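The structure presented is a predicted model; accordingly, all values stated were derived computationally and were not measured. The basis for the numbers below is simple: all heavy atoms, side chains too, and nothing from hydrogens, waters or symmetry mates.
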Amino acid sequence: MIRPFAPIVATVMASCALSGCVAAVVPAMAGGALLRQRMANAEERKDAQATPAASTGDAIRAPSTVDTAPATEEGGESIAAIIEGPLPPPSGAPTSIRPEAYADLYAFANKAGTTPPVGTVRHSAILADSGMLDATTAECSIHPAAVLIDLDPAGTLLDSGTDPHADPALADRLAALRSEDITIGWISGNTADRAGEIRRALVSTGLDPDGHDPLILLRYPDDRKQTRRADFAKEYCVVAIAGDERADFDELYKYLKDPSAALSLEPLLGKGWFLIPQPLT
């Protein structure tokens, strides 16, 4: 439940946004120190302007890394993968992730992805500026439509295992989107040397029965899911992103000390961003 002083926090944050200050900056790994300093300065300014305010969530630590994996012929060099836990919803109450969310995802993506781009402006689900807590999304009218689905469980990386399972309801919705010429892309923080394993899991569970969907995996030591999302968006208009935590939409959620700072992005839920159950189990 949001505490009584939340309006004060929201007012201060709105003032900050209007003045053009950066609410959240998500740098490359090499800029980690600068990120922490900037966010600390931002927190000090917020505390100074709103003394009664207090954080509604625990501090979220900077992402850790795991050992790199060797390159293989299936494409890609080794990579240090980001590991981070799920972010509590800004309201403090759990967000219900319902299987019915597949229907919402399909309805939105079908409408947004099949709207004739000629003479209209089509927007993606990718934030126009992930360094600002602004719900404005990028314009992408010239690219073919796509839906991006995050395969990683909250707080870890996908392990497809030896007997993966998937919800047939999701497979049916994705098949319907493909029939409308909407591309389905699958993203994971796994390294590209696991492409074959992930592909087999998607085929065997019916999520990608023909094995033609793009896989968006990490390629080199400084690669991140954020950069891979951006790379995918250079070729496709990502009309919808689906995952089981908010960090699947933009990595800025991994760096927020106060989860309520991202309340301005909540209108994107159901309108480009979709929380769905874990696709592969």
Inset, instruction - In plain terms, say whether Glu251 and Arg246 are close enough for a salt bridge, that is, a side-chain N and a carboxylate O under 4.0 Å apart. - result: no
Inset, instruction - Check Pro279 against Leu151 and note the closest heavy-atom contact, atom names and distance. - result: CB-CD2, 4.1 Å
Inset, instruction - Given side chain to side chain contact (heavy atoms under 4.5 Å, CB included), test Leu217 with Ile198 step by step and report yes or no. - result: CA-CA 10 Å; Leu217 306 176; Ile198 293 173; 4.0 Å; yes
Legend entry - Heavy-atom check, side chain of Ile184 versus side chain of Ile149, under 4.5 Å: yes
Inset, instruction - Answer with yes or no whether the hydrophobic clustering places Leu127 together with Leu269; edges join I, L, V, M, F, W, Y residues whose side-chain heavy atoms lie under 4.5 Å apart. - result: yes
Inset, instruction - Indicate yes or no for a side-chain donor-acceptor contact from Ser124 to the backbone of Cys237 under 3.5 Å, with no hydrogens or angles considered. - result: no
Inset, instruction - Drop me the distance from Leu252's CG to Ser130's OG, to the nearest 0.5 angstrom. - result: 6.5 Å
Legend entry - Arg173 with Asp104: basic N within carboxylate O range, under 4.0 Å: no
Legend entry - Mutual orientation of the aromatic rings belonging to Trp273 and Tyr253 [parallel < 30°, tilted 30-60°, perpendicular > 60°]: perpendicular
Inset, instruction - Could you tell me whether the side chain of Asp244 and the main chain of Ala154 form a donor-acceptor pair under 3.5 Å? - result: yes
Legend entry - Side-chain H-bond candidate by donor/acceptor type, Glu139 with Ser141, under 3.5 Å: yes
Legend entry - Side chain to side chain, Trp186 and Pro214, heavy atoms closer than 4.5 Å: no
Legend entry - Any side-chain heavy-atom pair of Leu170 and Leu207 under 4.5 Å: yes
Inset, instruction - Could you tell me whether the side chain of Thr156 and the main chain of Pro153 form a donor-acceptor pair under 3.5 Å? - result: no
Inset, instruction - Would you give the length of the straight line joining atom CG of Leu148 to atom CG of Asp248, rounded to the nearest 0.5 angstrom? - result: 9.0 Å
Inset, instruction - Supply the atom-to-atom distance Asp167 CG to Thr205 OG1, rounded to the nearest 0.5 angstrom. - result: 10.5 Å
Legend entry - Residues Arg178, Asp210: salt bridge by 4.0 Å N-O rule: no
Legend entry - Reported OG-to-CD distance for the pair Ser260 and Glu266, which is rounded to 0.5 angstrom: 10.5 Å
Legend entry - Taking every non-hydrogen atom, the tightest pair across Ala135 and Ser264: CB-O, 3.6 Å
Legend entry - Heavy-atom closest pair, residues Leu177 and Ala109: CD2-CB, 4.0 Å
Inset, instruction - Measure across Arg194 and Leu158 and return the closest heavy-atom pair with its distance rounded to 0.1 Å. - result: NH1-O, 3.2 Å
Inset, instruction - For the residue pair Leu268 and Phe249, establish whether any side-chain heavy-atom pair is separated by less than 4.5 Å. - result: no
Legend entry - Arg199 vs Leu215, side chain to side chain contact (heavy atoms under 4.5 Å, CB included): CA-CA, chis, key distance, verdict: CA-CA 8 Å; Arg199 175 73 71 193; Leu215 298 182; 3.6 Å; yes
Inset, instruction - Please check if the side chain of His165 supplies one atom and the backbone of Thr281 the other of a donor-acceptor pair under 3.5 Å. - result: no
Inset, instruction - Would you indicate whether the side-chain heavy atoms of Asp223 and Arg228 approach each other to under 4.5 Å? - result: yes
Inset, instruction - Could you pull out the closest heavy-atom pair between Leu105 and Ala242, with the gap in Å? - result: CD2-CB, 4.0 Å
Legend entry - Atom of Ala247, atom of Lys254 and distance for their closest heavy-atom approach: CB-CG, 4.1 Å
Inset, instruction - Considering only NZ, NE, NH1 and NH2 on the basic side and carboxylate oxygens on the acidic side, decide whether Lys225 and Asp150 come within less than 4.0 Å. - result: yes
Inset, instruction - Would you please test Val239 and Val147 for side chain to side chain contact (heavy atoms under 4.5 Å, CB included) and show each step? - result: CA-CA 6 Å; Val239 296; Val147 171; 4.3 Å; yes
Inset, instruction - For residues Asp231 and Arg219, determine if any side-chain heavy atom of one lies less than 4.5 Å from a side-chain heavy atom of the other. - result: yes
Inset, instruction - Find out whether Arg122 and His143 are in side-chain contact, i.e. whether some heavy atom of one side chain is under 4.5 Å from a heavy atom of the other. - result: no
Inset, instruction - Measure the spacing between CG of Leu263 and CG of Asp258 and express it to the nearest 0.5 Å. - result: 8.5 Å
Legend entry - Min side-chain heavy-atom separation Ile241-Ile187 under 4.5 Å: no
Inset, instruction - Please assess Asn190 against Asp152 for the test side chain to side chain contact (heavy atoms under 4.5 Å, CB included), listing each intermediate value before the final yes or no. - result: CA-CA 8 Å; Asn190 277 294; Asp152 295 331; 4.0 Å; yes
Inset, instruction - To the nearest 0.5 angstrom, please state how far the CG atom of Asp250 sits from the OG1 atom of Thr137. - result: 12.0 Å
